[in-house]
Amino acid sequence: MAAIDWRIERFDALISTQDTIKDMAGAGAAQGTVVQADSQSGGHGRHGRVWESPQGNLYLSMLLRPNCPSFVIGQLSLLTGVVLARVIKSFGVKGVMLKWPNDVLLSEQKCAGLLLESSLSAKGDVEWVAIGVGVNVGNAPIEGGGYLGDDVDLCAFEARFLTAFSDMYETWQDMGFAGVREEWLLCAHRQGQALSVKMPERLETGFFHDIDSTGNLRLRQDDGGLKTITSGDVYVTGD
Ligand code: BTN
């Protein structure tokens, strides 16, 4: 597969880059379309949570049309996290950690989030995937949030991110998830870290073991068994 041919549409302000890219996806926009805004008035994340979006940070959404079965789409969240961690480190920023499935932490404070949404055809084929990325580069809009700091230039960060994303996406399309998994594990929770996972119907607790070959979280439980978690909100509850 070739590198992604990014076509970036820039806006001073939008309600949400994610809403805009989804409209464009439905209207047939090509893979590689990117919507970037300097600020958002209705930025949102998973479960409809507000994503505060003042000027000074990165807000963009990318449109992809991957050639893959629908059950692997979630791997793109992990892939995006790995790319963000790589780019943050490339600016000399220390203390980056990935929290399953899609948070990027800096010294345990969330500094970036990503939102993956997709559309399937009636036959179940993947039509498009929209990945929205918010990175606190110049400021932390909410108390307790992390940000990268004044030494990181926003335009340079965006350029490095899109180049690195294209490289890793190409490898993922050609070779599968193994390389992403390996790099994700190097940036993630320490093995044995106590986690709890909130799901709509229950709370699961255990100790971080790894992610499996498709990207699911695996927790070691008190009885020694492994529990596979396919979705949920993770909270770090101990060392
Ligand atoms: C999360 O942590 O729940 C995900 C946050 C994703 C925020 C980004 S900012 C750019 C894009 N536009 C949105 O409205 N959301 C995503």
Side-chain angles (χ1 to χ4, degrees), residues 6-26 29 32-64 73-85 87-88 96-106 108-119 128-148 152 154-155 157-159 161-162 165 184 187-189 195 197-200 215 217 231-236:
W6 297 116
R7 268 150 298 166
I8 307 175
E9 306 234 3
R10 297 190 183 282
F11 299 84
D12 294 338
L14 277 180
I15 296 174
S16 156
T17 60
Q18 193 73 359
D19 294 352
T20 303
I21 202 92
K22 287 195 290 177
D23 288 345
M24 293 170 82
T33 305
V34 175
V35 173
Q36 177 271 330
D38 293 344
S39 66
Q40 303 181 113
S41 53
H44 51 86
R46 296 172 71 220
H47 311 302
R49 290 183 195 123
V50 172
W51 186 261
E52 296 291 347
S53 310
Q55 283 191 8
N57 296 329
L58 182 68
Y59 312 108
L60 62 76
S61 294
M62 307 175 282
L63 178 62
L64 303 168
I73 289 175
Q75 294 173 1
L76 287 169
S77 274
L78 301 166
L79 182 153
T80 308
V82 167
V83 172
L84 284 168
V87 175
I88 292 170
V96 188
M97 199 201 100
L98 297 174
K99 182 161 81 73
W100 190 88
N102 56 6
D103 288 345
V104 183
L105 310 182
L106 207 52
E108 295 174 18
Q109 296 179 312
K110 181 163 169 171
C111 69
L114 55 110
L115 177 63
L116 184 144
E117 295 174 284
S118 60
S119 167
W128 53 259
V129 176
I131 304 180
V133 177
V135 185
N136 297 341
V137 177
N139 60 76
I142 59 164
E143 210 182 305
Y147 71 105
L148 305 188
V152 179
L154 189 50
C155 295
F157 188 93
E158 181 196 284
F161 171 74
L162 291 174
F165 185 94
W184 193 91
C187 308
H189 315 267
L195 301 178
V197 188
K198 201 167 151 216
M199 289 166 272
L217 174 66
S231 70
D233 278 337
V234 170
Y235 300 88
V236 176

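Note that ligands are numbered from 1 as they come in the structure, with each ligand's atoms numbered from 1 the same way.
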Looking only at non-hydrogen atoms, the one of Gln36, His44, Gln18 nearest atom 6 (C) of ligand 1 is His44
Suppose I only count heavy atoms of Gly45 and a 4.0 Å limit; which atoms of ligand 1 are within that range? 1 (C), 3 (O), 4 (C), 5 (C)
Taking C-beta and beyond as the side chain, do Ile8 and Leu162 meet within less than 4.5 Å on heavy atoms? yes
Under 3.5 Å, side chain of Lys110 to main-chain N/O of Asp103, donor-acceptor pair present? no
So, Asp233 side chain and Lys198 main chain: donor-acceptor pair closer than 3.5 Å or not? no
Can you tell me which portion of Ser61 lies within the under-4.0 Å heavy-atom range of ligand 1? Options are side chain, backbone, both, or neither. side chain
Contact check, side chains of Leu114 and Leu84, non-hydrogen atoms, under 4.5 Å: yes
Min heavy-atom dist His47 to ligand 1 below 4.0 Å: no
With atom 4 (C) of ligand 1 as the reference point, say which of Thr17, Val133, Leu114 has the nearest heavy atom. Leu114
Return yes if some donor-acceptor pair links the side-chain N/O of His189 with the main-chain N/O of Val236 below 3.5 Å, else return no. no
Within ligand 1, which atoms have a heavy atom of Ser16 less than 4.0 Å away? 12 (N), 13 (C), 14 (O)
Return all side-chain donor-acceptor pairs below 3.5 angstrom for residues 55-64, not counting sequence neighbours, or 'none' if the list is empty.
| from | atom 1 | to | atom 2 | distance (Å) |
| --- | --- | --- | --- | --- |
| Asn57 | OD1 | Val137 | N | 2.9 |
| Asn57 | OD1 | Gly138 | N | 2.9 |
| Asn57 | OD1 | Asn139 | N | 3.1 |
| Asn57 | ND2 | Tyr59 | OH | 3.4 |
| Asn57 | ND2 | Asn139 | O | 3.1 |
| Asn57 | ND2 | Asn139 | OD1 | 3.0 |
| Tyr59 | OH | Pro54 | O | 2.6 |
| Ser61 | OG | Thr17 | OG1 | 2.8 |
| Ser61 | OG | Gln18 | N | 3.2 |
| Ser61 | OG | Gln18 | OE1 | 2.8 |

Taking N or O atoms only and a 3.5 Å limit, does Gln40 qualify as a polar contact for ligand 1? yes
Over 60° means perpendicular and under 30° means parallel, so classify the ring planes of Phe157 and Phe161, tilted if in between. parallel
Suppose I only count heavy atoms of Gly43 and a 4.0 Å limit; which atoms of ligand 1 are within that range? 14 (O)
When you measure from atom 3 (O) of ligand 1 to every protein heavy atom, which one gives the shortest distance, and what is it? Arg46 N, 2.8 Å
4.0 Å heavy-atom contact, Leu60 with ligand 1: yes
Starting from atom 2 (O) of ligand 1, find the nearest protein heavy-atom neighbour and note its residue, name and distance. Lys110 NZ, 2.5 Å
Ligand 1 atoms in contact with Gly134 (distance to a heavy atom under 4.0 Å): 8 (C), 9 (S)
Is any side-chain heavy atom of Val82 closer than 4.5 Å to a side-chain heavy atom of Cys187? no
